[in-house]
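Written below as structure tokens is the structure these notes are about.
Please read all numbers here as calculations on a predicted model, not as lab measurements. Quick note on labels: first sequence line is chain A, next is B, and so on, each numbered from 1.
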There are 2 protein chains.
Amino acid sequence: MFSIGELSRRTKVKVPTIRYYETVGLLTAPERTEGNQRRYDQAGLERLSFIKHARDLGFSIEAISSLIELQDHPDRSCQAATDIATAQLSDVRAKIKKLRALEKELLRIANGCDGDGVPEDCYVLASLANHDLCQQEH
Amino acid sequence: MFSIGELSRRTKVKVPTIRYYETVGLLTAPERTEGNQRRYDQAGLERLSFIKHARDLGFSIEAISSLIELQDHPDRSCQAATDIATAQLSDVRAKIKKLRALEKELLRIANGCDGDGVPEDCYVLASLANHDLCQQEH
DNA sequence: CATAGTATCTCTAGCGACTAGAGGTTCAAG
DNA sequence: CTTGAACCTCTAGTCGCTAGAGATACTATG
């Protein structure tokens, strides 16, 4: 049995964030001491580690809730969990695609202007003002 | 002179968002009709187009404010604008890098489990529970 | 056993960048 | 002149936390 601070140290999740996860139902309320302080056990540690890992991978709180529900109900198929992970993968890929386009465009914009001259001639500002100068969609 | 709805249609920025930009100082308050409705001119359209384009490229409201200030004060050097664009480029690149690592990991996780079996054996859930299974940092 | 200092508690408010809704007014077409 | 769409302001909600206030509890040392 350990305190919220200890749990925070072990999982690298900040204390207020742990309490936040409890309020939104991601973590079940743990036992309390006489003095009303939270005391966690191994199960609590494992669940928070799971959440942390999933958050690091960009899963939403909602998606994580679904995954936890699947953990807690082993009678349901694994397909649902795979679906969630696959959806997350598509999401990540879509973001990458969009960012790569932005990267190209920003590179062009940032390099077009060598930093000399006054803003009225600045390529950065001109490019932002006029979408037609862009080389691709975004 | 045209209404906020017309401006919205032309720029593809939603009406409440336009009003929001005004409250946070990105757009200067336009003229009003007798009946208190906003009326925009060409200058307003151009400024909003600039903002829209910059937002699409991921610039923050704050960064856009700085860029607009540079537009309005042509006596300042273009270097500042280039710096902002370059910072945005670094930001985008950092995000891409992180997402690519996530993509790899998610691909591994999502493919590890073929969807058969119950959650207690599910590779998705096992991978999320145990960070040690991961192939790289994230 | 007293005290000091850290950790914890709850509660509320704030962040960015909008979005949604209520309840009321104005505009433009017929 | 009436209808209905578009507009107005205001407040509150979204997501995933983060920060702060003010009060209480735990723990280590004298």
5' to 3' contact window, DNA chain C with chain A (heavy-atom distance under 4.0 Å):
C:dT8 to C:dT10
Under 3.5 Å, is there a donor-acceptor pair between the side chain of A:Ser8 and the main chain of A:Ile4?
no
Reading nucleotides 15-25 of chain D from 5' to 3' and marking B where a protein heavy atom lies under 4.0 Å of the base, S where only the sugar-phosphate is that close, and - otherwise, the string is -BBS------S
B:Glu46: partners by side chain to side chain donor-acceptor pair (under 3.5 Å), with sequence neighbours left out:
B:Gln42
Pairing residues for B:Arg100 by the side chain to side chain donor-acceptor pair (under 3.5 Å) criterion, not counting sequence neighbours:
none
Suppose we screen for side chain to side chain donor-acceptor pair (under 3.5 Å). Which residues come up paired with A:Arg9, at least two apart in sequence or across chains?
A:Glu6
Who pairs with B:Ser60 by side chain to side chain contact (heavy atoms under 4.5 Å, CB included), at least two apart in sequence or on another chain?
B:Glu62, B:Ala63
Heavy-atom closest pair, residues B:Thr82 and A:Ala110:
CG2-O, 3.5 Å
Quick one: label A:Arg32 by what it contacts on the DNA or RNA (base, sugar-phosphate, nothing), any heavy atom closer than 4.0 Å.
sugar-phosphate
Contact list please: residues 39-51 of chain A against DNA chain D, heavy atoms, distance less than 4.0 Å, in numerical order.
none
Let me test you: for the helix from C:dC1-D:dG30 to C:dG30-D:dC1, what is the angle between the axes at its two ends (five pairs each), rounded to 10 degrees?
10°
Compare all side-chain heavy atoms of B:Tyr40 with those of B:Leu48 and state whether any distance is below 4.5 angstrom.
no
List, one per line, each side-chain donor-acceptor pair under 3.5 Å for residues 13-24 of chain B, sequence neighbours excluded.
{"from": "B:Glu22", "atom 1": "OE1", "to": "B:Arg38", "atom 2": "NE", "distance (Å)": "2.8"}
{"from": "B:Thr23", "atom 1": "OG1", "to": "B:Tyr20", "atom 2": "O", "distance (Å)": "2.7"}

Tell me the interatomic distance from B:Glu6, atom CD, to D:dC7, atom C1', rounded to whole angstroms.
14 Å
Can a donor-acceptor pair be found, under 3.5 Å and without considering hydrogens, that links the side chain of A:Glu105 to the backbone of B:Leu57?
no
Sequence neighbours excluded, the answer for side chain to side chain contact (heavy atoms under 4.5 Å, CB included) partners of A:Thr33 is A:Gln37, A:Arg39
Do the side chain of B:Gln88 and the main chain of B:Gly58 share a donor and acceptor less than 3.5 angstrom apart?
yes
Test side chain to side chain contact (heavy atoms under 4.5 Å, CB included) applied to A:Ser66 - qualifying residues, sequence neighbours left out
A:Ile84
Report the residues that fulfil side chain to side chain donor-acceptor pair (under 3.5 Å) with A:Arg47, sequence neighbours left out, ordered by chain and then residue number.
A:Asp72
Taking OP1 and OP2 of D:dC8, is either one under 4.0 Å from a side-chain nitrogen or oxygen of B:Arg38?
yes
